Amino acid sequence: QVQLVESGGGLVQAGGSLRLSCAASGRTSSTHGMGWFRQGLGKEREFIARIPWSGGSPYYADSVKGRFTISRDNAKKTVYLQMNSLKFEDTATYYCAAVRAGGLWSCPEYWGQGTQVTVSS
């Protein structure tokens with residue numbers, strides 16, 4: 001099993017920045033990489049960004065490309081999401097997820113508990 005714990009959410013004004021962190025523990029060696037998703041009130045869960053533990057490049061949803069940056073610290077088994085130029089529509093609960101080796105990014109096996117990001121207009 002893999003456990004994921006997010007932190008860093010909060011309230012920010014439009015145009016501001018936040019950085020989310022997600023610390024992984026447990027059998028992280030069984031995972032290929034990690035990503036971020038979000039779900040706004042009354043909306044479906046949406047993919048935001050992903051990054052493999054090694055090799056490959058980060059990948060972003062068009063809605064956040066150029067504003068959000070995903071990065072990793074392999075030694076700490078932690079993934080970060082730097083969010084800049086935040087917009088009201090970025091308001092959502094943000095979830096960290098991990099994909100097992102050989103799994104699909106579209107359906108990660110492991111999820112964090114979520115952290116709320118609220119952007120005031």
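Numbering of residues begins at 1 and proceeds along the displayed sequence. Values below: all heavy atoms of this structure, side chains included; hydrogens, waters and symmetry mates excluded. None of these values were measured; they are calculated from a predicted model.
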Would you mind reporting whether T118 and V12 have side-chain heavy atoms less than 4.5 Å apart? no

Enter the distance from Q113:CD to S7:OG here, rounded to the nearest 0.5 Å. 8.5 Å

Interatomic distance, CZ@R100 vs OG@S29, rounded to 0.5 Å, equals 14.0 Å

Shortest non-hydrogen contact from V2 to S30? CG2-OG, 4.1 Å

What's the spacing between N84 CG and T69 OG1 if we round to 0.5 Å? 6.5 Å

May I ask you to test the S17-Q82 pair for a side-chain heavy-atom distance under 4.5 Å? yes

Output for pair (M34 CE, L4 CG), nearest 0.5 Å, gives 5.0 Å

If we ignore hydrogens and angles and just use 3.5 Å, is the side chain of N74 paired with the main-chain N or O of W53 as donor and acceptor? yes

Distance col, row S54:OG vs H32:NE2, nearest 0.5 angstrom, shows 7.5 Å

Is the closest side-chain heavy-atom distance between W111 and R45 below 4.5 Å? yes

Closer than 3.5 angstrom, by distance alone: can the side chain of T91 be matched with the main-chain N or O of V119 as a donor-acceptor pair? yes

With salt bridge (charged side-chain N to carboxylate O under 4.0 Å, His left out) as the rule and sequence neighbours excluded, what pairs involving residues 18-32 come up? none

Using the side-chain hydrogen bond (donor to acceptor under 3.5 Å, both in side chains) rule, pick out the option among K87, E89, E46 that qualifies with S63. E46

Looking only at non-hydrogen atoms, find the nearest pair between P52 and S57 and report the distance. CD-O, 3.9 Å

Using only atom types and a distance under 3.5 Å, with no angle test, would you say the side chain of T31 pairs donor to acceptor with the backbone of T28? yes

Taking side chain as C-beta onward, heavy atoms only, is R38 less than 4.5 Å from F47? no

Test item: C96 and Y110 side chains (from C-beta on) under 4.5 Å apart, heavy atoms: no

Shortest non-hydrogen contact from P58 toward I51: CG-CD1, 4.0 Å

Is there a donor in the side chain of T78 and an acceptor in the side chain of D73, or the other way round, less than 3.5 Å apart? no

Using modelled atom types and a 3.5 Å cut-off, is there a donor and acceptor pairing between side-chain atoms of E6 and backbone atoms of G114? yes

Within the 4.5 Å heavy-atom criterion, are Q39 and Y95 side-chain neighbours or not? yes

In the structure I gave you, are the side-chain heavy atoms of T115 and L20 within less than 4.5 Å of one another anywhere? yes

Would you kindly say whether R50 and Y59 are connected by a side-chain donor-acceptor distance under 3.5 Å? no

Indicate the atoms forming the closest heavy-atom contact of W36 with I70, along with that distance. CD1-CD1, 3.7 Å

Group every Ile, Leu, Val, Met, Phe, Trp and Tyr by side-chain heavy-atom contacts under 4.5 Å, then state whether F37 and V99 land in the same group. no

Could you go step by step and tell me if Q116 and T93 meet the side-chain hydrogen bond (donor to acceptor under 3.5 Å, both in side chains) rule? CA-CA 4 Å; Q116 179 66 34; T93 301; 2.8 Å; yes

With a 4.5 Å limit on heavy-atom distance, are the side chains of D90 and R67 in contact? yes

Looking only at non-hydrogen atoms, find the nearest pair between Y60 and A49 and report the distance. CD2-CB, 3.6 Å

Looking at K76, I'd like to know if its NZ atom is crowded, meaning that more than 12 non-hydrogen atoms belonging to other residues, nucleotides or ligands lie closer than 6.0 Å. no

